[in-house]
> 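Okay, handing you the structure first.
First listed ligand is number 1; within each ligand, the first listed atom is number 1. Values in this document were obtained by computation on a predicted structure and should not be read as measured data. These values consider heavy atoms only, across backbone and side chains, with no hydrogens, waters or symmetry-generated copies.
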Amino acid sequence: MSKWPIGVFTSIDAGLGVKLEVAKELGIPTIQMHAPHRETRTAENATKFIAKLNELGITLTCVFGGFEGESYADIPTVEKTVGLVPKATRAGRLQEMKEISDFTKLLGCSVVGLHIGFVPHDTSSADYQEVVAVTRELCDHAKANGQAVHLETGQESADNLVQFIEDTKRNNLFINFDPANMILYGTGEPIDALKKVGRYVRSVHCKDATWSNEPGKSWGCEVPLGKGQVGMENYLKTLLEIGYTGPLTIEREIPQEPERQKSEIGHASQLLADLRAKLL
Ligand code: MG
């Protein structure tokens with residue numbers, strides 16, 4: 001694969017990404033994909049999906065897990081509902097994430113990603129140790145499928161995320177860095193965070209946002225790439241500094257406005273191609 005191929009986050013029947021056809025129309029060569037619903041995750045569908053990717057000439061680089069009952073309505077709701085952290089759904093979601101890893105293997109893809117949720121901050125608490133334990137179990141399952149597990153950034157500060165990865169002690173646990181999430185959740189200045197976690201970054205999202213006036217309490221605002229406070233040129237320069245030359249996967253989560261979503265992803269793709277030409 002060439003350095004910094006453009007990518008886009010896609011969905012089949014779950015998640016907020018664009019349809020595969022949009023990637024094709026925009027000439028985007030790689031995708032990450034939100035895992036489809038359980039009933040869609042069959043061997044037969046995997047075979048069909050691989051054929052479609054081949055026909056479109058698109059490479060799948062990561063499958064993201066997501067679960068029924070997750071809500072990103074506001075930050076406190078994310079804390080209660082998202083990922084493997086919420087206790088009531090933890091065991092069921094771990095099982096489902098293993099199934100998503102198995103389906104991802106059928107797709108011939110070696111990376112699964114997820115928002116793990118708000119990891120408890122007290123590292124000596126039983127709850128923290130339990131979250132470490134389920135993450136280990138997921139990593140071990142993925143490893144047997146020849147896969148790495150990438151944690152999406154946003155809900156943790158850079159320091160807390162590094163601590164969590166080091167406590168988990170698994171060599172297939174890495175980071176999908178999303179600079180806009182650091183701003184949206186108010187967990188840190190994204191470029192500083194990227195420098196701190198750089199050695200674990202194995203995939204990235206290209207997304208932009210503006211800070212909330214009460215960071216960490218209410219959402220910042222997701223905006224088109226290049227219009228927010230990430231600073232795209234500085235972001236790409238920093239990716240180069242940490243040695244990251246993998247896919248630049250555009251994420252723009254406004255599926256309620258499909259035409260605008262497509263047009264903004266087209267602009268984002270052009271912006272990234274221009275910066276790539278300048279920096280590489
Ligand atoms: Mg993201």
> Looking only at atom types and distance, does a side-chain atom of T238 sit under 3.5 Å from a main-chain N or O of N234, one as donor and one as acceptor?
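Checking the backbone N and O of N234 against the side chain of T238, a donor-acceptor pair under 3.5 Å is found.
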> Taking all heavy atoms of S212 and all of W219, pick out the closest pair and write down the distance.
CB-O, 3.4 Å
> Suppose we only allow N, O or S atoms; which atom of E152 ends up nearest to the Mg ion (ligand 1)?
OE2
> Okay, side chain of E96, backbone of F67: is any donor-acceptor separation there less than 3.5 Å?
no
> Can you see which heavy atom on P120 is nearest to which on D127, and at what distance?
CG-OD2, 3.7 Å
> For D178, what is the atom name of its N, O or S atom nearest to the Mg ion (ligand 1)?
OD2
> Among the N/O/S atoms of E251, select the one at the shortest distance from the Mg ion (ligand 1) and name it.
OE1
> Of all N/O/S atoms in H205, which lies nearest to the Mg ion (ligand 1)?
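Result for H205 and the Mg ion (ligand 1): ND1.
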